[in-house]
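Any value given below was found using the heavy atoms of this structure, including those in side chains, with hydrogens, waters and symmetry copies removed. Note on naming: letters A, B, ... go to the chains in the order of the sequence lines (proteins, then strands), and numbering restarts at 1 for each one.
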Amino acid sequence: MSKRASYEGVAIVAPFTQPYERYSTQTAHWWIARALRGSLDAAGLKPQDVDGFTVSSFTLFPDTAVGLTQHLGLCVRWLDNIPMGGASGVIALRRAARAVQMGDASIVACCAGDANHVETFRLLLGGFSRFALDASYAYGFGGPNANFALLMDRYMQDYGATREDFGRIAVSQRDNALKNPHAVMKKPLTLEQYMTARPIADPVCLFDCVMPVAGGEAFLVMSVEEAEKRGLPYATLSGAIERHNAHAEDPIQMRGGWTVDIDELYGMAECTPQDMDLVQTYDDYPVISMMQMEDLGFCAKGEGPQFVRDHDLTITGDFPHNTSGGQLSAGQAGAAGGFIGLVEAIRQVTQAAGPTQVKDARRALVSGFGMINYDRGVCSSAAILEGKA
Amino acid sequence: MTNPLSPPPKKNPQIRSVVPTQPLEIRSRAAVGLTACAAEGRFALQTCAECGAVQYPPRDACCNCLGVELPWRDITPYGGLLAETTVQTSVNSYFRERAPWRMGSVKLDAGPTVLCHLHGDIEPRARVKLINRLDKAGQGVIMALPMERTPNMEDDPILRAISCDPKHRRVLITDGRNPNAPALVKALKDAGATMIFVGESESWRPNPNRSQMADAEILPLDVTDTASVKELAGEIGGKADILINNARFIRPGGALARGDTGWARDEMEVNYLGLMRLAQAFGPGMCARTADGVNSAAAWVNILSVNALANDPSFGTFCASQAAALSLSQSLRGEFRASGLRVMNVFTGPTEDEWHQPLPPPKVMPAGLARSVVQGLRDGLEDVYCGDIAKEVAARHAENPKVLERELTMGGQG
């Protein structure tokens, strides 16, 4: 396999989160428009300045990135629709970075957003994927809760994880969310509340689940030269990977695609897990965050439970994790859930995270995980971001 | 251990019956192959004709070699439980009403991992046996059972929901004069049916079957008389959980063996229009009660000649009426679909009775037919082939219907 070229010369700027709402009558088009506008305003740019565009959304139907481009009046020479759910953010970034490096586009807007009407989640579940319709939903229709319950059940059996271990992740993220004024969850969460929560799909209980919300996320990718010319604070991309349908031979998912590419990621970035100032994992369920801590090299497989016992995962702790509260406490805005950690990480390494800022954060690891097509998440991605020292 | 089902109490007419809801019905065309296997109770999965890889979920191309020929083949129905969950809440009304619902993932010995329903008696990480059944949406679903029988295992709520078990149910058999009626009564009684109603036409005529049907309540019913059918439906329609239509008019011969259409009309009156009258009178009420607890309406059973599939000219006009009834049963499947009321056709070869007297064996004996009916109900099947001849005709029909037609119309010379 040939060695991947570096992402040097690429700047990531203007992270913007359109504050989430539990339910909103607005459409995905509206949420993405607000997020894009917010990002452009932060960069002092006009829509006409954008010549590359990526879109991730579950609720644009019948539109795709094409319909949205005309809807928003953009004229771009590079357009990508990225339907990879929780892996979308890093993948959008990775592809936009290549477009900028190669000169296919100068300023790429990477956007995600989803609507959430009262019926949206139910309807979205009902049409998620062919395999889900054919071979998953007829069995109790527990949706992703049931799928992740199976992985969590097996993980607990194989590695001796307890519900308290997962609770540590959820509770720390709630602590972080309390500092994020836009988080949907605003009340403190104790480990006892986590442990005694309503069962959803055993062993998954209420606080293992994300709250579906409406929201939008956006950032811009351009050359370092361009960012500096415009005086914009920026992050650089030290390494990025994506992988789809890895380990298909595993009977049940106890590891994700990161394990295939992780050495290359750290090799490109010339650093190790210990060099990270903060980590943003994809947290649709705590068990998936724990799996990422292992697969991204912070501990060995099966040592996730001990790792979370040994570390403080809050903003001020020794392993700052999902600093905005993540999806578990800030809400899951559909495909924007694949951007939440990345957009927060850009803010962190550019010292722009405000109340959730990790002191002196320079380097962040962001990972994404997406699309329970049948019995497991198919897409994985990860990136290492560095702020300009 | 499964808690045994208690006989349901008398229905309180002031309480609203639970309205039937459905599990998810939509499937890809490939996945309907699982449904077709479930209709006959087969545990089969797609197998690549090129490389032999077993596929699941159903695909249009092999995930090993991209071959596109993926026939459904019977698979060793065993595997190991990987993980399980009990779904406590769902956005789907059917499962929400029935929570908690146990499901899990099983690694099949044949290769793939399947998500499936789990019987309550399965221990964590146990070896399991898999079955393929039709759910209330009429679609094929896989369920894992314990390797060995456990006490009352058929009373498991998930298993009960994907079967039409006669236990604690009330049954109407439409023709008490058919030679198979006493055997049906006995088999259903043995299977735990709580009430058995048997229809009888022309009650003034002696019925030698009567003395053998002491467990049944005999009621007047003439399927050629709309008023009679409606009257009985008015009386016991709200209690018919399983309807077995065994009414049959049969005479030998094809069109040229007869000088007029008299017998053919009688065959259509009983075998085709009789079914229609029963469906019009009993169908709506049964459809409304498919979610009504332990003794909910579950199945509509037609006993048909296997020559409904392809005509045997020695009973040519009778076979035409059977083909008409088969076609109507397919319409009924469509019309009953939203309720989840199962239409089960039991196809037989020549039966042991006066009209088949000159034919050589094998013939279908009443007890054998009754066994097939009960087993088909327990397995929630749609298509049951009773006896060696019916099985063979069905197999030939599946292979090549035109060849079968030629064989049958050559008078057994094929």
Proximal component of B/Val106, with respect to chain A [non-hydrogen, under 4.5 Å]: neither
Most contacts with chain A, counted as non-hydrogen pairs under 4.5 angstrom, among B/Arg125, B/Arg59, B/Gln139: B/Arg125
Sorted by number, residues from residues 41-58 of chain B in contact with chain A (heavy atoms, under 4.5 Å): B/Tyr56, B/Pro57, B/Pro58
Electrostatic pair A/Arg130:B/Asp60 at N-O distance under 4.0 angstrom: yes
Best-contacting candidate, A/Tyr155, A/Tyr137, A/Tyr374, against chain B by heavy atom pairs under 4.5 angstrom: A/Tyr374
Separation between CG of A/Asn373 and CG of A/Asn147, rounded to the nearest 0.5 Å: 10.5 Å
Chain A contacts, top residue of B/Val87, B/Leu82, B/Ile26 (heavy-atom pairs, under 4.5 Å): B/Leu82
Top contributor to chain B contacts, counting heavy-atom pairs under 4.5 Å, from A/Ser136, A/Gly142, A/Ala138: A/Ala138
Salt bridge flag under 4.0 Å for residues A/Arg376 and A/Asp250: no
B/Arg98 to B/Ala291 - nearest heavy-atom pair and separation: NH2-CB, 4.0 Å
Heavy-atom proximity to chain A below 4.5 Å, by part of B/Ile158: neither
Residue pair A/Gln253 / A/Leu151: nearest heavy atoms and the distance that separates them: O-CD2, 3.8 Å
Aromatic ring proximity, centroids under 6.0 angstrom, B/Trp101 and A/Phe141: no
B/Arg127 bridged to B/Asp109 by N-O distance under 4.0 Å: yes
Separation between CD1 of B/Ile122 and CE of B/Met153, rounded to the nearest 0.5 Å: 8.0 Å
Top contributor to chain A interface from B/Asp135, B/Thr89, B/Val114, B/Leu34 [non-hydrogen pairs under 4.5 Å]: B/Thr89
Greatest number of heavy atom pairs closer than 4.5 Å to chain B - which of A/Leu133, A/Asp134, A/Asp158, A/Asp153: A/Asp134
Cationic N near anionic O, under 4.0 Å, A/Arg255 to A/Asp295: no
Toward chain A, the part of B/Arg96 with a non-hydrogen atom under 4.5 Å: neither
Ionic contact status for B/Arg160 with B/Glu154, cut-off 4.0 Å: no
Salt-bridge contact B/Glu25-B/Arg337 (side-chain N to carboxylate O under 4.0 Å): yes
Choice from B/Pro23, B/Ala31, B/Ser28 maximising heavy atom contacts with chain A below 4.5 Å: B/Ser28
